[in-house]
Amino acid sequence: MLNVEIDNNEVRQYEAGITFGDIIKDVFGRKSGSVAVFVNGIEKDMSQFLETDCKIEPIYGESDAGLYILRHSCAHLLAQAVTELFPYAKPTIGPPIDHGFYYDFYMDSIGDEELKKIEKRMREIMKKNQPISREEHNNESLREIFIDNQFKLEIIDEKIGHEIGSSIYKQGNFVDLCRGPHVSFTSQLRWFKLTSTSQAYWRADSKKESLTRIYGMCFATKEGLKNREKQLQEAAKRDHKKIGKEMELYMIDEMIGRGLPVWLPNGEIIKSSIENFALETEDRYGYQRVTTPVLGKKQLFETSGHLPHYAEGMYPPMKMDDGEYYLKAMNCPMHHLVYRNKKRSYRDLPIRIAEYGTVYRNELSGTLAGLLRVRMLSMNDAHIYCTLDQVAEEFANNIKMVQDYYKTFGFEDYYFRLSLWDSENKNKYIDQPENWEATQNHLRSILDDLGVPYEESIGEAAFYGPKVDIQFTTAIGREESMSTIQLDFAAKERFGLTYTDETGSDNDEVFVIHRAPLSTHERFVAFLIEHWSGNFPTWLSPIQVQIITISEKHQEYANNLAQILKEVGIRANTDTSDNTIGKKIRMHRTMRPAYMVIIGDEESINGTVSIRARDGRQRNGMALDEFIEEISLENTNRKTTLDLVKDK
RNA sequence: GCCUCAGUAGCUCAGCCCGGUAGAGCAUCUGAUUUGUAAUCAGACGGUCGGGGGUUCAACUCCCUCCUGGGGCUCCA
C-alpha cells in the first residue's frame with residue numbers, strides 16, 4: 001500500500017497501479033469537476049497510475065491550469081475532426097491560448113462552410129465519448145508513428161531529439177505527439193466554438209510552409225462560453241471604427257489612400273486637446289519644441305541606420321534633381337541634427353527636443369485597421385540627449401510623466417515591459433553585443449530601483465537599443481504598446497554627437513532616449529474611444545454642451561447662451577429645429593455631448609439652465625453663473641468624471 | 001504581402017442560393033405642427049447595386065480579375 005496525501009492534508013492508502021482518476025473519484029466523488037491532477041505539483045492525466053507515495057490535488061476545469069488542459073484537449077479534438085474530414089491534412093502544432101486554442105494544419109485553406117462542418121464533426125466525436133489515452137515512446141518509435149508528417153518529425157528531431165522519447169495521445173484513430181496532460185474522455189469538451197481561420201507560417205517564418213490556422217474558444221462551463229460571447233458583443237459596441245463614424249471623428253477615403261486617416265472637426269478637437277495637455281506637461285518637464293520637415297535625403301536615413309534596417313517599412317523614395325528623398329518614418333535623425341547644430345556643453349545636458357510631427361510608415365496593407373494601425377502617424381515625440389550618468393534620472397522622469405498622463409486619463413490596467421534584443425537574431429539589431437548587455441542591465445537596474453513591477457520580453461527591442469514599453473489590452477482584448485521609452489547607444493557614433501565636458505575636451509558619450517508617452521494620436525484616440533465608449537470627459541468632448549430648445553420662443557435665449565459659453569471657452573451647439581424635445585435628445589445622443597441643456601419657458605424667464613446627463617439624470621433650474629463656473633472647472637481641471645448632475 | 005469573409009441611397013440593412021435592369025427605416029429637403037426629457041404627421045429628393053471583364057436574349061444575382069473594408073497571420077524604429 002502507498003500513502004497518498006490529499007490536498008486537505010488527509011492521508012489515504014491505495015495500492016500501486018490504481019489510476020489517479022480512481023483516487024479522485026474515491027475522495028471527491030464521481031462529479032468532482034476535475035480534469036487532471038497535480039501529483040507532487042506536477043500535472044498528470046487522470047488515467048496515469050499511482051507508482052509511489054505522493055501528494056495529489058485535483059485540477060478543476062475552471063481553474064487556470066484546468067482551462068489550459070481543456071483548451072489543449074480541445075485543440076486535439078479539432079485536429080481529430082480535421083484529419084477525419086480531410087485525411088490529407090497534416091497537423092503541426094496546436095496550443096491553448098487565452099479563451100481557447102488554435103491548431104495549424106498543412107492543408108488547403110478553408111472557408112466558413114468547412115469550418116461549420118469541422119465544428120459539427122467535433123461535436124459528434126465529443127458525443128461518442130471516446131477515451132483519450134497516453135503512451136510513452138522512444139524517439140525511434142515516435143519517428144515511425146509520425147513518418148508521414150514532416151512537421152512532427154522536425155519537432156521530434158529538434159525539440160525532443162536529445163531526450164529519451166516522449167508521449168503520444170490517442171483518441172479514436174487520431175494520434176498526436178504531445179506532452180499532455182489531457183482530459184480522459186472527449187465528452188469533457190462540451191463548451192467550445194470554432195471562431196475563425198487564418199494563414200500562418202510554419203515556425204512563423206515567411207520562407208517556410210503556409211499553414212491553415214483554425215481558432216476556437218473553449219470553456220469549462222456553458223456560462224464561461226456565454227460570458228465570453230457576451231464580452232465580445234460588448235467590445236463590438238465600443239469599436240472605435242463604429243463610434244468614430246457616429247461621432248464624426250475621422251474618415252478614411254480611398255482616394256487619399258489606405259491607412260491615411262483625416263481628422264474631422266470633432267476628432268481634431270480631441271487630438272488638439274491631448275496635444276495642449278502634452279504641451280503643458282512637457283513645458284514643466286523642461287522640453288524644447290521644434291518642427292522638422294516630413295521628408296529628407298537618402299543619406300540622412302542611411303546615416304541613422306533606418307534604411308539598412310528598415311527600408312521595407314518606409315515609403316519608396318522620391319527622385320529629385322539632387323538625389324532621392326524619403327518620407328520620414330521617424331523624427332530622430334532630424335532631432336540628432338538639431339542637437340548637432342551647435343556645440344553643446346556638459347552644462348546644457350540633458351537636452352530634451354520635442355516635436356508634434358507626422359511620420360509615414362509603409363505598414364503592410366493587411367495590417368491596417370481603422371485608427372489602430374495607420375500609415376500616417378501623428379506623434380508627440382521627443383529625444384533626450386544626456387550622459388550615461390543622467391540616463392537613470394531621465395528614465396525615471398519619463399516613467400513618472402507617463403504615470404501622470406495615465407492618472408489624468410483614468411487608466412489603471414497596464415503593465416511595464418522591458419523589451420530586450422534577441423541575440424539569436426542578430427541581423428535585426430545593431431551588432432554590438434557588449435553594448436546590448438550593458439544597456440539592458442542598466443535599464444533593468446533603473447526599473448528595479450524605481451520599484452516598478454515589469455516583465456521582460458526578448459526580441460521586442462528597437463534595432464538601436466533596448467526599451468521600456470507600457471502595454472495595454474484593448475476592449476477587443478488585443479495587447480498594444482501605449483507608451484515607449486527607448487535607450488539608443490548607437491546614434492552618438494552614427495551622427496557624431498558630442499559635448500564639451502568639464503575638462504574642455506570633446507566627449508562622445510552622448511546617449512539618446514527616444515520617448516513617446518502617448519502612443520500615436522491615432523492609436524491613442526482609438527484607445528480612448530474604446531475606453532469610454534465615446535463618452536468622453538468634458539475636457540475631451542467635441543461637444544461639451546448641446547443646447548436644446550423646447551419651442552421657437554426659446555431660440556433667442558438659446559443662441560445667447562451658446563455665445564456666452566463660447567466666449568468662456570466652452571464648446572456649445574444649439575438645436576433650434578421644430579422637432580420634439582424627445583426626438584432632439586434621441587438624435588444628439590449619438591454625438592455623445594458631455595451635457596445636454598434644455599431651454600424652455602422656465603429657463604428663459606429665470607435665466608437658468610436644466611441639465612441632462614448622458615445617463616438620463618437631470619438637474620433643473622441651475623443658475624447660469626453656477627453652470628458656467630462648474631463646467632469650466634471640469635474642463636480646465638481635466639476631470640475624468642462628469643459631476644454637474646449628481647443625483648437623480 | 002498571405003488566408004478568409006464582406007462591399008446595394010449620407011447611415012443601418014433586405015433582395016442574390018432558384019438570373020427578368022432595385023426596396024425599407026433613419027438622415028436630408030418641403031409643408032403642417034410649437035411641443036418639458038430616448039423617434040409628431042405627410043410629401044419629396046436620393047442608387048449606372050465597389051471598378052473592369054466574361055457567360056446569357058437578359059446579371060445586384062453566375063464566373064474571372066482588380067480595388068476597398070472586417071477578422072487573423074506576418075511585420076512593427
Chemist: Touch check for A:A462, heavy atoms < 4.0 angstrom, all strands: base, sugar-phosphate only, or nothing?
Modeler: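 The answer is sugar-phosphate, as A:A462 gets under 4.0 Å only of primed atoms, P, OP1 or OP2.
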
Chemist: Across the strands shown, which category fits A:I548 at heavy-atom distances under 4.0 angstrom: base, sugar-phosphate, nothing?
Modeler: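 Result for A:I548 = nothing.
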
Chemist: Which of these nucleotides, B:G71, B:U40, B:C11, is closest to any side-chain atom of A:T580?
Modeler: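 My answer, after comparing the listed nucleotides, is B:U40.
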
Chemist: Just one of A:R592, A:R589, A:R238, A:K237 clears the salt bridge (Lys or Arg N to Asp or Glu O under 4.0 Å) bar with A:E246, so which one?
Modeler: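 The passing option is A:R592.
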
Chemist: Between B:C3, B:C11, B:U37, which one does the side chain of A:S198 approach most closely?
Modeler: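 Among the listed nucleotides, the one closest to the side chain of A:S198 is B:C3.
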
Chemist: Could you work out which one of B:G69, B:C73, B:C75 sits closest to the side chain of A:E363?
Modeler: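 The closest nucleotide is B:C75.
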
Chemist: Describe the nucleic acid contact of A:E552 in one word from base, sugar-phosphate, nothing, applying a heavy-atom distance below 4.0 Å.
Modeler: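 Base contact.
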
Chemist: Which one, B:U12, B:A38, B:A27, comes nearest to the side chain of A:M587?
Modeler: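 The answer is B:A27.
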
Chemist: Can you tell me the base-pairing partner of B:G43? Count Watson-Crick or G-U wobble geometry only, both distances below 3.5 Å, and say none if there is no partner.
Modeler: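 Matched B:G43 with B:C29 under the 3.5 Å cut-off.
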
Chemist: In whole Å, what separates the P atom of B:C66 from that of B:C76?
Modeler: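 Nearest-Å result for B:C66 against B:C76 at atom P: 27 Å.
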
Chemist: What's the closest nucleotide to the side chain of A:E603 if the choices are B:C73, B:G36, B:A38?
Modeler: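 Output: B:G36.
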
Chemist: Within the 4.0 Å heavy-atom criterion, would you say A:R589 contacts the bases, only the backbone, or no part of the nucleic acid?
Modeler: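 The answer is base, as A:R589 lies within the cut-off (heavy atoms under 4.0 Å) of a base atom.
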
Chemist: Ring of A:F151, cation from A:R203 - is the NZ or CZ under 6.0 Å from the centre and inside 45° of the axis?
Modeler: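 Geometry flag: not set, cation outside 6.0 Å or 45°.
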
Chemist: For the pair made of CD1 in A:I550 and P in B:U37, what is the distance, rounded to whole Å?
Modeler: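 For the pair A:I550 CD1 and B:U37 P, the rounded distance is 8 Å.
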
Chemist: Looking at B:G19, which nucleotide sits across from it as a Watson-Crick or G-U wobble partner, both distances under 3.5 angstrom, or is there none?
Modeler: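 Partner of B:G19: none.
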
Chemist: Name the nucleic acid region contacted by A:G313, choosing base, sugar-phosphate or nothing; use a 4.0 angstrom heavy-atom cut-off, strictly under.
Modeler: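 Answer is base: heavy atoms of A:G313 come under 4.0 Å of a base.
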
Chemist: Of the nucleotides B:C73, B:U37, B:G71, which has the atom closest to the A:A200 side chain?
Modeler: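 Closest nucleotide among those given: B:C73.
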
Chemist: How about A:Y103 and A:F101: are their ring centroids closer than 6.0 Å?
Modeler: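 No, too far apart.
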
Chemist: Would you mind reading off the distance between A:M379 atom CE and B:C76 atom C1', rounded to a whole angstrom?
Modeler: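 Atom-to-atom, A:M379 to B:C76, this comes out as 12 Å.
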
Chemist: For a quick check of understanding: with a heavy-atom distance under 4.0 Å over all strands, which category does A:T484 fall into, base, sugar-phosphate or nothing?
Modeler: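 Touches nothing.
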
Chemist: If you only use heavy atoms from C-beta on, which nucleotide in B:U37, B:A27, B:G72 is closest to the side chain of A:I598?
Modeler: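 Shortest atom-to-atom distance from the side chain points to B:U37.
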
Chemist: Choosing from B:A27, B:G36, B:C2, which nucleotide comes nearest the side chain of A:Q199?
Modeler: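 The answer is B:C2.
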
Chemist: Output the single nucleotide from B:U68, B:U37, B:U74 whose closest atom is nearest the side chain of A:R612.
Modeler: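 The answer is B:U37.
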
Chemist: Please report the distance, rounded to the nearest Å, between NE2 in A:H588 and P in B:A38.
Modeler: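 From A:H588 NE2 to B:A38 P: 14 Å.
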
